[in-house]
Amino acid sequence: MSDVAERLGELRERGLYRRLRLIEGPQGPTVTLDGRQVLLLCSNNYLGLADRAAVREAAAEAALRWGAGAGASRLISGNMEPHLQLERRLAAFKGYERALLFGSGYLANSGVIAALAGRGEVVFSDELNHASIVDGCRLSRAETFVYRHADVEHLAWGLRQAGERASLVVTDGVFSMDGDLAPLPQLLDLARRHGARLMVDEAHATGAVGPGGRGSVSAAGLSGEVDVVVGTLGKALGSYGAYVCAEAELVELLVNRARSFIFSTAPPPSAAAAAMAALDVLEAEPELVERLQANAGILRRSLAAEGLAPGTSATQVVPVHVGEAEATMALCELALEKGVFAQGIRPPTVPEGSCRLRLTAMATHRREDLVAAAHMIGVAAREAGLVEAQPLAA
Ligand SMILES: *Cc1c(COP(=O)(O)O)cnc(C)c1O
């Protein structure tokens, strides 16, 4: 057996083998999967902007006007009007001096952390931070202190140990797999007192929480205070790409030092134009954000009525905890048979033994979709022997 086959076999044995499923059509509240129509409860298209007419048209028009691709890195020849316009718009939206586009959130996190911290310094990272933050820490060659989830005491202890070497505290704003919020005021206070910067990843917060969807930093009243804010264009904003907001000088440093910015082709003009159109929709219809969070509440309550506790979620990301990988994937398949697609999440995305279905509400779901989805998952969980009790009245 080849080493590749062996490695795949090992993943299968541990219940960690992953495969791609094919969705037909756009990321709507329902999708066709393997020829069947099912409710979609695992897309990050939180506001329905990926399939919104105005956003699709803006992408198409920009492709016709500017071409399909940017042709080069921004520093070579790929810097175009749609990039500049979107950066100005994002900076204003987030309340920062400047914004800089990256190819994706993954590239932004890996590039920014490595540009801001280096050998001999210490980066402080929440244990449940996204993999792209973990990889950014590794690339930086700084020492990484992983503090217990949202545990400011543990972080304070680490900062004291690091002394002068403390460089950067980095956290998800809304945690991607649990839907809870980082304690931003305390994190900022600690970072300040120890001479470190605070960086917040708003991947699941932009368009989803805060006034007009401005994110968790804005919700905490800390726009312009948190040193670095990262966000993706690929989730609530319905497009592709990412951005970093900071003061102008720090952004200048990123232009000069962030390798994932320097050595990667600029995002296609169509992706920038789509994100711009998404921001237009968001500013014209801030009630989309309220609908999203109202839907998240309906989903959490409906799951609770099925005996499925949604953990610490306070947002549109709602986990159904199972534990082991195989039981989680069995529940995912059973739920799919009943008509709801909610992806099972396993290590290394989440810690060993904390596998779950990760449900996401969208503003475009109808109340009855969410109640039905929770019920189907409840029935599936009882069939799988994961929940004993009959549901309480919904
Ligand atoms: C999705 C995600 C990213 C990566 O963003 P992409 O634009 O999809 O590469 C980064 N951070 C968090 C917390 C995420 O959930």
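Ligands are counted one by one from 1 in listed order, and the atoms in each one are counted from 1 as well.
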Heavy atom of the protein closest to [atom] (residue, atom name, distance):
atom: atom 13 (C) of ligand 1; result: Asp201 OD2, 3.2 Å
atom: atom 2 (C) of ligand 1; result: Lys235 NZ, 2.3 Å
atom: atom 4 (C) of ligand 1; result: Tyr106 N, 3.5 Å
atom: atom 6 (P) of ligand 1; result: Gly105 N, 3.3 Å
atom: atom 15 (O) of ligand 1; result: His204 NE2, 2.5 Å

(message) Can you tell me which portion of Asn109 lies within the under-4.0 Å heavy-atom range of ligand 1? Options are side chain, backbone, both, or neither.
(response)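 The answer is the side chain.
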Throw together a table of side-chain donor-acceptor distances under 3.5 angstrom for residues 115-127, partners on residues two or more places apart or in other chains.
residue	atom	partner	partner atom	Å
Glu121	OE1	Gly118	N	2.8
Ser125	OG	Asn129	ND2	3.0
Asp126	OD1	Leu128	N	2.8
Asp126	OD1	His149	ND1	2.9
Asp126	OD2	His149	ND1	3.3
Asp126	OD2	Ala150	N	2.7
Glu127	OE2	His149	N	2.8

(message) With heavy-atom distances below 4.5 Å as the criterion, would you say the side chains of Glu202 and Lys94 are in contact?
(response)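 In contact.
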(request) Look up atom CD in Glu10 and atom OH in Tyr17, then write down how far apart they are to the nearest 0.5 Å. (result)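 Those atoms lie 14.0 Å apart.
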(request) Could you tell me whether Glu153 and Arg148 make a salt bridge, using a distance below 4.0 angstrom between a side-chain N and a carboxylate O? (result)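 Between Arg148 and Glu153 there is no salt bridge, as every charged N stays at least 4.0 Å from the carboxylate O atoms.
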(request) Assess Ser132 for proximity to ligand 1: is some non-hydrogen atom of it under 4.0 Å away? (result)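 Per 4.0 Å heavy-atom rule, Ser132 contacts ligand 1.
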(request) List for me each residue that meets salt bridge (charged side-chain N to carboxylate O under 4.0 Å, His left out) alongside Arg52, sequence neighbours excluded, and say none if there are none. (result) Glu285
